[in-house]
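Comments concern the structure below.
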Amino acid sequence: MACFVMIWYLSFCTVPETEIADVPFVDKWVHVAMYGLTGGMIWMEYLIRHYRVDMRRMVVLSIAAPIIMSGIIELLQEYCTSGRRSGDWYDFLANALGVLLAAVFGFVYAKGKGKV
């Protein structure tokens, strides 16, 4: 839950300019990391609490829900922030990449532990 709250906060706060902003695609890597860590936390929590993985449930919880949330955030940034922030399809794709990477790692880990 804390990861989701942090993502919502960071998505709408004013980010100060720093020297790291000059690194090419740094914002996209941040998006991949934020959503990858969030997806990883979902997998970790689920695997701790369940003996077997319900793949349909995990597709919804760890893949579809974060990607849908990401799309909603990008649309809200574009249409509801008065130009302070803007929605970006590449941010959306970076978010989806982070979620998918976490799902791959989660699935591989669960399979290795015999939970799949």
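Quick note: numbers below take in every heavy atom, side chains included, and nothing from hydrogens, waters or symmetry partners.
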Compare all side-chain heavy atoms of D91 with those of Y35 and state whether any distance is below 4.5 angstrom. no
Is it the case that more than 12 heavy atoms not belonging to K111 sit under 6.0 Å from its NZ atom? no
So, taking the atom named OG1 in T38 and the one named CZ in F4, what distance separates them when rounded to the nearest 0.5 Å? 6.0 Å
Does a sphere of radius 6.0 Å around CH2 in W29 hold more than 12 heavy atoms from other residues, nucleotides or ligands, not counting ones at 6.0 Å or beyond? no
Tightest non-hydrogen contact, residues G39 and A102, listed as C-CB, 3.6 Å
Rounded to the nearest 0.5 Å, the CE atom of M44 sits from the CZ atom of F105 at a distance of 15.5 Å
Linking I/L/V/M/F/W/Y whenever any side-chain heavy atoms sit under 4.5 Å apart, do W8 and V30 land together? yes
What one should report as the nearest heavy-atom pair of A94 and H31 is CB-CB, 3.7 Å
Could you check if a side-chain atom of M58 sits within less than 4.5 angstrom of a side-chain atom of F107, using non-hydrogen atoms only? no
Distance-minimising heavy-atom pair for S11 and Q77: O-NE2, 2.5 Å
Which heavy-atom pair separates G106 from L47 by the least distance, and what is that distance? O-CD1, 4.2 Å
Take F12 and L76, measure what side chain to side chain contact (heavy atoms under 4.5 Å, CB included) needs, and give me the verdict at the end. CA-CA 9 Å; F12 294 100; L76 289 172; 3.7 Å; yes
To the nearest 0.5 Å, atom OG of S62 lies from atom CE of M41 at 13.5 Å
Separation of D27 CG from Y90 OH (nearest 0.5 Å): 12.5 Å
Please say yes or no: joined through hydrophobic side-chain contacts below 4.5 Å, possibly via intermediate residues, are V53 and I48 part of one cluster? no
Centre-to-centre under 6.0 Å for W43 and Y46, is that the case here? no
Measuring only between side-chain heavy atoms, which start at C-beta, is N95 closer than 4.5 Å to I67? no
Please determine whether residues L101 and M55 belong to a single hydrophobic cluster, defined as Ile, Leu, Val, Met, Phe, Trp and Tyr linked transitively by side-chain heavy-atom distances below 4.5 Å. no
Nearest atoms (heavy-atom pairs only) where I42 meets P66: CD1-CG, 4.0 Å
Common cluster, L75/I72, ILVMFWY with side-chain heavy-atom separation under 4.5 Å: no
With a 4.5 Å heavy-atom cut-off, do D88 and E74 have their side chains touching? yes
State plainly whether one hydrophobic cluster holds both I68 and M34, where clusters connect Ile, Leu, Val, Met, Phe, Trp and Tyr through side-chain heavy atoms under 4.5 angstrom apart. yes
Could you tell me whether a side-chain N or O of R52 sits under 3.5 Å from a main-chain N or O of G114, the two making a donor and an acceptor? yes
Please name the pair of heavy atoms, one in H50 and one in R57, separated by the smallest distance, quoted to 0.1 Å. NE2-NH1, 3.9 Å
Determine, stepwise, if the pair V60 / R56 fulfils side chain to side chain contact (heavy atoms under 4.5 Å, CB included). CA-CA 7 Å; V60 171; R56 279 186 252 174; over 6 Å; no
